[in-house]
Each structure stands twice: as C-alpha cells, then as structure tokens.
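Step one of this worksheet: look at the structure below.
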Amino acid sequence: VPSVSTSCSLMVNNCSHGKSTLLQHLAERKIPFPSNIDCLLCEQEVETDGTTTAMEAVLNADTERLRLLEEQEKFTKLIEEEEDEKKQQALREELGKVEAFDSVWW
C-alpha cells in the first residue's frame, strides 16, 4: 500500500488580488510545480443539493478520479456476472490495477 501524505494550504487576501488567477495557472500547469502533485479546482460558487460537503465538491471536480470509480464499478459488476473462473481472474486483475491507482488518493 503506497504511503500518502496530505497537506492543505490556505490563501487569504482581499478581493481582486489574483488568488483565483494563480490557482487557475497552477491547475493548467502554466506555473511549474512537481508532477506528482494534483491541483483540483471547482467553481467558486458550487451549486449543490445541500448535502454535498466542500470536500466532495472538490473531489467531484477530479474527472480522472470519477472515471476510475466508474471503471471500478464496471469491473466489479462484470466479475459478479461472469461464470468462467479464468475470465473472472482476468477481470480481478484489471480491477486490481484500477484500485491500485485509486488507492494513491487515500
């Protein structure tokens, strides 16, 4: 299991001093920073149903993570439906790759 350290940064400043612009440039990699660090952005005004937390809103902005979760669900369903043991094993191996990649997040 990969070791993952997490940190959080906070920027506070008056309006119209470039905080959003800086974050946008980071997300677009216009400002270089280590490639092993992800920069996720969500809209300043996120519309929710009232039950979505701030963390969920940021995680939902990560389309690659959402794609991996869909892949995980797809492989899990295929494994449950497959009767051939060899095909099940091949699907489990593919599922393992998806889960290994996703485990880096948590």
Side-chain angles (χ1 to χ4, degrees):
V1 175
S3 170
V4 178
S5 64
T6 60
S7 65
C8 181
S9 298
L10 174 67
M11 287 194 306
V12 179
N13 205 335
N14 295 330
C15 293
S16 300
H17 279 79
K19 297 178 298 294
S20 295
T21 302
L22 173 63
L23 291 172
Q24 187 67 41
H25 285 305
L26 286 169
E28 294 172 357
R29 303 259 179 205
K30 291 179 181 176
I31 299 172
F33 64 98
S35 61
N36 65 321
I37 298 173
D38 292 314
C39 182
L40 306 175
L41 294 180
C42 58
E43 294 296 323
Q44 290 185 24
E45 300 292 328
V46 177
E47 295 195 23
T48 72
D49 58 5
T51 62
T52 302
T53 66
M55 176 64 86
E56 289 169 335
V58 172
L59 290 174
N60 288 338
D62 184 1
T63 56
E64 178 63 12
R65 179 180 168 277
L66 294 176
R67 187 190 67 76
L68 286 171
L69 290 172
E70 288 175 5
E71 286 286 308
Q72 182 180 32
E73 186 178 321
K74 179 183 86 172
F75 280 120
T76 301
K77 184 176 180 180
L78 287 171
I79 290 169
E80 290 171 358
E81 294 172 351
E82 183 58 57
E83 294 181 14
D84 184 286
E85 191 63 37
K86 287 184 181 181
K87 289 181 181 178
Q88 275 187 346
Q89 184 58 35
L91 288 167
R92 281 192 194 94
E93 289 173 13
E94 290 301 310
L95 176 60
K97 292 176 190 175
V98 170
E99 289 174 339
F101 187 82
D102 191 45
S103 70
V104 172
W105 291 100
W106 305 108

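Here the straight-line distance linking atom CD of Q89 with atom CD1 of I79 works out to 8.5 Å at 0.5 Å rounding. Here the CD atom belonging to E73 is positioned 13.0 Å from the CG atom belonging to L68, to the nearest 0.5 angstrom. With rounding to the nearest 0.5 angstrom, the NZ atom of K74 is 9.0 Å from the CG atom of L91.
In terms of heavy-atom proximity, E56 sits nearest to T51 at OE1-O, 3.7 Å. Considering all non-hydrogen atoms of both residues, L26 and F33 come closest at O-CE2, 3.1 Å.
Formation of a donor-acceptor pair under 3.5 Å by the Q88 side chain with backbone atoms of E82 is found in this model.
Heavy-atom neighbours of K87 NZ from other residues, nucleotides or ligands within 6.0 Å: at or below the threshold of 12.
Using a 4.0 Å cut-off between charged side-chain N and carboxylate O, E85 and R92 make a salt bridge.
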**Study point:** I31 and L22: CA distance, side-chain angles, deciding distance, side-chain contact (heavy atoms from CB on, under 4.5 Å) verdict
**Key:** CA-CA 8 Å; I31 299 172; L22 173 63; 3.5 Å; yes
